[in-house]
Amino acid sequence: MHAVVKRHAAPWPDRAARGLATGAVAVYGTTALLGVGLATGLWRNRRNRWIHHVGYIAAVSLTVGTVVTSARTDRVRAACAAAALVPLALLPRVSTRSRRHPAIALAAAPWLAAAVIRRTR
């Protein structure tokens, strides 16, 4: 007789939350690099600054989706993503010309990374 080996796959909401967190990190990183390019003049197209703003909205939306999706299955992931929302919420209130803007933006990075690498048991 063969023993039945059960694979414990993560439940659907957990996989979805991890996917949302991964998407948030990807969009956040791309948007941050775009912001650096705009701020330093490496990318000189002023008409396309709106792309940076769309990336910000997408990163916030994906992070909120991570919090909502993981709230029931993995509270640690939800807490990490929620912590990332704090600096992201402050960003529109800080001048992009100040040194505080990139510092506040970078404060979200470790929380987003923690939400992605979080392993459920």
Side-chain angles (χ1 to χ4, degrees):
M1 211 150 73
H2 295 282
V4 176
V5 177
K6 291 185 179 181
R7 291 183 70 190
H8 295 289
W12 177 85
D14 185 58
R15 282 183 276 159
R18 187 169 187 174
L20 287 168
T22 303
V25 167
V27 172
Y28 168 84
T30 304
T31 303
L33 287 174
L34 181 59
V36 168
L38 289 168
T40 59
L42 291 174
W43 193 42
R44 297 184 186 265
N45 196 343
R46 291 187 180 259
R47 294 180 310 180
N48 291 327
R49 287 185 185 265
W50 63 271
I51 297 171
H52 182 66
H53 299 135
V54 170
Y56 166 79
I57 292 167
V60 170
S61 299
L62 289 166
T63 305
V64 168
T66 303
V67 172
V68 170
T69 306
S70 62
R72 295 183 81 197
T73 60
D74 188 353
R75 291 180 187 223
V76 174
R77 177 173 295 161
C80 289
L85 286 172
V86 175
L88 291 175
L90 293 173
L91 274 178
R93 293 163 178 79
V94 178
S95 171
T96 57
R97 306 257 188 247
S98 73
R99 290 183 182 200
R100 293 185 317 159
H101 190 82
I104 291 171
L106 282 173
W111 296 109
L112 288 172
V116 171
I117 63 174
R118 166 79 176 140
R119 294 268 186 204
T120 56
R121 297 176 189 191

Q: State plainly whether one hydrophobic cluster holds both Y56 and V67, where clusters connect Ile, Leu, Val, Met, Phe, Trp and Tyr through side-chain heavy atoms under 4.5 angstrom apart.
A: yes
Distance-only donor-acceptor hits, side chain of residues 58-65, under 3.5 Å, sequence neighbours excluded:
| residue | atom | partner | partner atom | Å |
| --- | --- | --- | --- | --- |
| S61 | OG | I57 | O | 2.8 |
| T63 | OG1 | A59 | O | 2.7 |

**Q.** Hphob cluster co-occupancy, V54 + V25, side-chain heavy atoms under 4.5 angstrom
**A.** no
**Q.** Main-chain N/O of T31 paired to H52 side chain as donor or acceptor, under 3.5 Å
**A.** yes
Q) If you take all heavy atoms of C80 and A115, which pair is closest and at what distance? A) CB-N, 4.0 Å
Q: For residues R75 and A71, report the shortest heavy-atom separation together with the two atoms involved.
A: CG-O, 3.5 Å
Q.
Do Y28 and L34 land in one hydrophobic cluster if side-chain heavy atoms of ILVMFWY residues count as linked below 4.5 Å?
A. no
Q | Donor-acceptor contact present, side-chain T66 to main-chain A21, <3.5 Å | A | yes
Q. Which ILVMFWY residues are connected to L42, directly or by a chain of links, through side-chain heavy atoms under 4.5 Å apart?
A. none
Q: Give, for atom OG1 of T69 and atom CZ of R18, the distance between the pair rounded to the nearest 0.5 Å.
A: 14.5 Å
Q. Side-chain heavy atoms under 4.5 angstrom apart, residues restricted to Ile, Leu, Val, Met, Phe, Trp, Tyr: same cluster for V27 and L20?
A. yes
Side-chain donor-acceptor contacts of residues 83-96 below 3.5 Å, not counting sequence neighbours, with atom names and distances?
| residue | atom | partner | partner atom | Å |
| --- | --- | --- | --- | --- |
| R93 | NH1 | A89 | O | 2.7 |
| S95 | OG | R97 | N | 3.2 |

Q) Do side-chain atoms of R77 reach the backbone of R118 as a donor and acceptor pair under 3.5 angstrom? A) yes
